[in-house]
Amino acid sequence: QVQLIESGGGLVQAGGSLRLSCAASGRTFSRYAMGWFRTAPGKEREFVAAISWRGGVTYYANSVKGRFTISRENAKDTVYLQMNSLKPEDTAVYYCTGALQIATIEGAWDYWGQGTQVTVSS
């Protein structure tokens, strides 16, 4: 079992930046691919970014490519999502997720955090 706890969400103006963190505990974090999904008001949960267990492979949704960066520190059992040039449409609850294989499909992920709210004002 892997427990995931997100932090770093908040309110920011459009054009600003936030860094989300996800701390993992339980099974060996470094063996798991990690990802971020988000759920915007009135919308279904969508893929944001993912990183392989060694960090050598990353995937991004087209909507965040060039603005968001996913990274990880296996020594700290933590994955990050650096979000720059934020837009009002980035407003959502952001969820950290983990799985043995990197993927972009929601159903492929095994473990989920409780989520952290990100609100971008115009």
Does Gln101 CD have over 12 foreign heavy atoms under 6.0 Å away?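 Open: at most 12 neighbouring heavy atoms sit under 6.0 Å from CD of Gln101.
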
More than 12 non-hydrogen atoms from neighbouring residues, nucleotides or ligands closer than 6.0 Å to CD1 on Ile5, yes or no?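 Count not over threshold, so no.
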
About how many Å separate [atom2] of [Y] and [atom1] of [X], when rounded to the nearest 0.5 Å?
| X | Y | atom1 | atom2 | result |
| --- | --- | --- | --- | --- |
| Gln13 | Ser122 | CD | OG | 9.5 Å |
| Thr58 | Lys65 | OG1 | NZ | 9.5 Å |
| Gln82 | Arg67 | CD | CZ | 12.0 Å |
| Thr104 | Trp109 | OG1 | CH2 | 9.0 Å |
| Gln117 | Leu11 | CD | CG | 9.5 Å |
| Arg72 | Cys22 | CZ | SG | 10.0 Å |

Under 3.5 Å donor-acceptor, Asn84 side chain and Thr69 backbone: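 Flag not set: sc Asn84 to bb Thr69 has no pair under 3.5 Å.
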
Show the nearest heavy-atom pair for residues [X] and [Y], with the distance to one decimal.
| X | Y | answer |
| --- | --- | --- |
| Ala103 | Ala50 | O-CB, 3.8 Å |
| Ser17 | Ser85 | OG-N, 4.3 Å |
| Val93 | Gly115 | CG1-CA, 3.8 Å |
| Ser21 | Thr78 | CB-CG2, 4.3 Å |

Side chain to side chain donor-acceptor pair (under 3.5 Å) partners of residues 39-51, not counting sequence neighbours, each pair once: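 For residues 39-51, and leaving out neighbouring residues, the side chain to side chain donor-acceptor pair (under 3.5 Å) pairs sorted by first residue read Arg38-Glu46, Arg45-Glu106.
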
So which residues get pulled into Val48's cluster when ILVMFWY side chains under 4.5 Å apart are joined, directly or through others?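 In the cluster with Val48 are Val2, Leu4, Val12, Leu18, Leu20, Phe29, Tyr32, Met34, Trp36, Ile51, Tyr60, Val64, Phe68, Ile70, Val79, Leu81, Met83, Leu86, Tyr94, Leu100, Tyr111, Val118, Val120.
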
Pick out which of Tyr59, Tyr95, Phe47 makes a ring pair (Phe, Tyr, Trp, His ring centres under 6.0 Å) with Phe37.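 The passing option is Phe47.
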
Mind checking salt bridge (Lys or Arg N to Asp or Glu O under 4.0 Å) for Lys76 and listing every partner two or more places apart, or none if nothing turns up?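 Checked Lys76 against salt bridge (Lys or Arg N to Asp or Glu O under 4.0 Å); matches are Glu73.
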
